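Residue numbers start at 1 and run along the sequence shown. In this text the structure is predicted, and so the values were computed from the model without any measurement. What's counted below: heavy atoms across the whole structure, side chains too, no hydrogens, waters or symmetry copies.
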Amino acid sequence: MYTPHPDRYADMPYRRTGRSGLKLPALSLGLWHNFGPDRPVDVQRAILRRAFDLGVTHFDLANNYGPPPGAAESALGDALKADFAHHRDELIVSTKAGYLMWPGPYGEWGSRKYLLSSLDQSLGRMGLDYVDVFYSHRPDPETPLEETMGALHSAVQQGKALYVGVSNYSAEQTREAARILAGLGTPLLIHQPRYSMLDRRPEDEGLLDALDELQVGSIAYSPLEQGLLTGRYLDGIPEDSRAASDSPFLSADTVTEDLVGRLRTLDEIAKSRGQSLAQLALAWVLRGGRVTSALVGASSPRQLEDSVEAVANLDFTEDELARIDAVARA
């Protein structure tokens with residue numbers, strides 16, 4: 001029987017999410033790639049237990065996480081029942097809907113039909129009465145935003161979600177979503193953008209500025225840029241890496257000689273700070289407190305431990321930031 005570590009809250013920083021009363025751990029666990037039938041159940045359970053022992057109280061999912069779609073939610077449901085039944089109120093569980101989940105015209109995007117049906121299915125897979133945060137995973141170009149935000153509001157009114165968020169929305173779309181939700185009486189809690197040292201779009205396109213103005217929280221996904229910022233590619237493309245596979249998220253063409261050289265320079269900066277490249281990348285995303293939390297994946301408890309060590313040094317000098325910018329934006 002699993003007994004959580006008594007000092008699990010000792011070292012993890014918790015940050016208030018926007019203008020809400022909700023605090024998130026600086027690092028959250030994403031269950032995107034490593035939770036499904038192709039992974040040993042004992043390893044999945046060990047990762048979740050270790051996360052909780054380290055103060056990582058937020059587990060982030062989506063309806064289509066797996067593979068196959070739905071598998072990650074089912075895996076978490078089994079773990080919640082086996083290990084966390086008495087700790088639900090210490091956990092933040094989030095899920096999303098927006099990408100393809102089932103055939104036909106009602107199986108993706110942002111209609112009220114799809115979002116609320118998907119949420120019911122997600123709750124069933126996880127064995128939960130509610131999720132803490134329910135997201136619109138992507139904007140729907142054909143459904144009025146009022147309908148999509150209205151569905152999120154309904155999820156809260158029905159007691160199936162405590163808070164709502166959006167992911168992959170532009171700054172302008174986020175402002176409009178926040179306006180609509182405010183009018184309904186359900187504030188926009190959080191935005192989940194892709195953000196890393198190598199992907200500055202939230203900065204460059206004004207999203208972080210919009211979130212500051214709206215007092216909306218943020219949680220960055222892919223802060224390690226699909227593994228590029230983990231140190232695995234410092235000597236080229238490993239045979240067992242994502243870039244060497246047929247992954248649609250990272251191709252071998254991306255890993256150029258120029259990029260490898262830049263990664264090596266970033267690794268040198270990390271070493272000068274007493275960090276791994278992955279720890280540097282996570283600390284950089286969390287610098288200054290502008291981002292509420294960073295999402296990390298893990299294929300083993302040790303990998304998760306390495307990521308969590310990043311929170312021990314989140315401060316940067318102006319010189320370090322300038323050096324990182326010169327390399328990452330080259």
Side-chain angles (χ1 to χ4, degrees), residues 17-18 20 22 24 27-33 58-66 69-70 72-73 92-101 107-112 114-116 118-119 122 131-143 145 147-153 155-156 161-181 186-196 199-212 214-226 248-249 285 290-297:
T17 311
S20 76
L22 183 69
L24 292 180
L27 290 180
S28 298
L29 180 63
L31 278 68
W32 180 22
H33 276 308
H58 178 207
F59 300 154
D60 179 79
L61 302 101
N63 57 357
N64 63 336
Y65 286 0
E73 289 179 331
I92 301 298
V93 178
S94 60
T95 197
K96 316 175 198 70
Y99 287 93
L100 182 64
M101 189 61 190
E108 63 178 326
W109 293 108
S111 72
R112 180 180 182 85
Y114 167 66
L115 290 175
L116 295 180
S118 177
L119 178 55
S122 293
V131 291
D132 297 277
V133 188
F134 182 48
Y135 289 87
S136 168
H137 206 165
R138 60 173 172 172
D140 184 342
E142 297 184 350
T143 297
L145 194 56
E147 178 175 341
T148 301
M149 295 304 106
L152 297 184
H153 170 67
V156 173
L162 300 185
Y163 302 92
V164 299
V166 297
S167 181
N168 300 307
Y169 278 53
S170 69
E172 181 180 353
Q173 290 165 333
T174 301
R175 285 191 173 93
E176 183 63 7
R179 184 192 67 78
I180 294 168
L181 285 167
T186 297
L188 178 63
L189 174 79
I190 194 167
H191 189 298
Q192 188 174 130
R194 179 168 178 161
Y195 184 44
S196 75
D199 188 343
R200 304 294 188 87
R201 284 174 294 177
E203 294 177 20
D204 298 340
E205 297 174 2
L207 177 62
L208 294 184
D209 290 336
L211 298 180
D212 288 343
L214 296 167
Q215 294 184 282
V216 169
S218 58
I219 179 166
Y221 76 87
S222 291
L224 301 181
E225 202 59 32
Q226 298 296 314
F249 304 106
V285 165
R290 198 176 192 190
V291 170
T292 312
S293 184
L295 274 170
V296 296

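- In summary, the side chains of Y221 and N168 do present a donor paired with an acceptor at a separation below 3.5 Å, with no hydrogens or angles considered.
- Heavy atoms only, all atoms of each residue included: P223 and S196 are closest at O-CB, 3.4 Å.
- Here the closest non-hydrogen pair linking F134 and A155 is CD2-CB, 4.1 Å.
- A donor-acceptor contact shorter than 3.5 Å is absent between the side chain of T17 and the backbone of G217.
- Counting only distance, with no hydrogens or angles, the side chain of Q173 and the backbone of S170 share a donor-acceptor pair below 3.5 Å.
- Defined by atom type and a distance below 3.5 Å, a donor-acceptor pair is present between the side-chain atoms of S136 and Y169.
- Ion pair R175/E172 not flagged as a salt bridge, since none of the NZ, NE, NH1 or NH2 atoms sits closer than 4.0 Å to an Asp/Glu carboxylate oxygen.
- Of the possible polar contacts, one joining the K96 side chain to the L61 backbone as a donor-acceptor pair under 3.5 Å is found.
- Between E142 and D140, the shortest heavy-atom contact is N-OD1, 2.9 Å.
- Checking side-chain atoms of Y114 against main-chain N and O of Y99 turns up a donor-acceptor pair under 3.5 Å.
- Note on R194 versus E225: salt bridge recorded, some NZ/NE/NH1/NH2 to OD/OE distance being below 4.0 Å.
- No side-chain heavy atom of M149 sits under 4.5 Å from any side-chain heavy atom of V164.
- With Y135 as reference, I219 is the one residue of V166, I219, T95 to meet the side chain to side chain contact (heavy atoms under 4.5 Å, CB included) rule.
- Proximity of L188 to R179: side-chain heavy atoms (C-beta onward) are nowhere separated by under 4.5 Å.
- Taking CG from L189 and CG from L152, the interatomic distance works out to 11.5 Å, rounded to the nearest 0.5 Å.
- Between V285 and Y195, the closest side-chain pair of non-hydrogen atoms falls below 4.5 Å.
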(message) Using the rule given for side chain to side chain contact (heavy atoms under 4.5 Å, CB included), can you reason through H58 versus V133, listing the C-alpha separation, both sets of side-chain angles and the distance that settles it, and then say yes or no?
(response) CA-CA 10 Å; H58 178 207; V133 188; 5.5 Å; no
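- Note that CD of E108 is 11.5 Å distant from OG of S118, once rounded to the nearest 0.5 Å.
- Note: Q192 CD to T292 OG1 = 11.5 Å, rounded to the nearest 0.5 Å.
- Residue L211 comes nearest to S218 through the heavy atom pair CD1-CB, 3.7 Å, listed as atom of the first residue, atom of the second, then distance.
- Atom CD1 of I180 sits about 12.5 Å away from atom OG1 of T186, to the nearest 0.5 Å.
- In this structure, E147 contributes its side chain and R112 its backbone to a donor-acceptor pair below 3.5 Å.
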(request) Any chance you could lay out the side chain to side chain contact (heavy atoms under 4.5 Å, CB included) test for L207 and T174, step after step, and finish with the verdict? (result) CA-CA 8 Å; L207 177 62; T174 301; 3.8 Å; yes
(request) Would you please test F59 and L31 for side chain to side chain contact (heavy atoms under 4.5 Å, CB included) and show each step? (result) CA-CA 7 Å; F59 300 154; L31 278 68; 4.2 Å; yes
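- Rounded to the nearest 0.5 Å, atoms NE2 (H137) and CE (M101) are 12.0 Å apart.
- Under the 3.5 Å distance criterion, with hydrogens and angles disregarded, no donor-acceptor pair is assigned to the side chains of D60 and S28.
- For D132 (side chain) and L162 (main-chain N/O), no donor-acceptor pair under 3.5 Å exists by modelled atom type.
- Put simply, the side chain of I92 reaches to within 4.5 Å of the side chain of L24, judged on heavy atoms.
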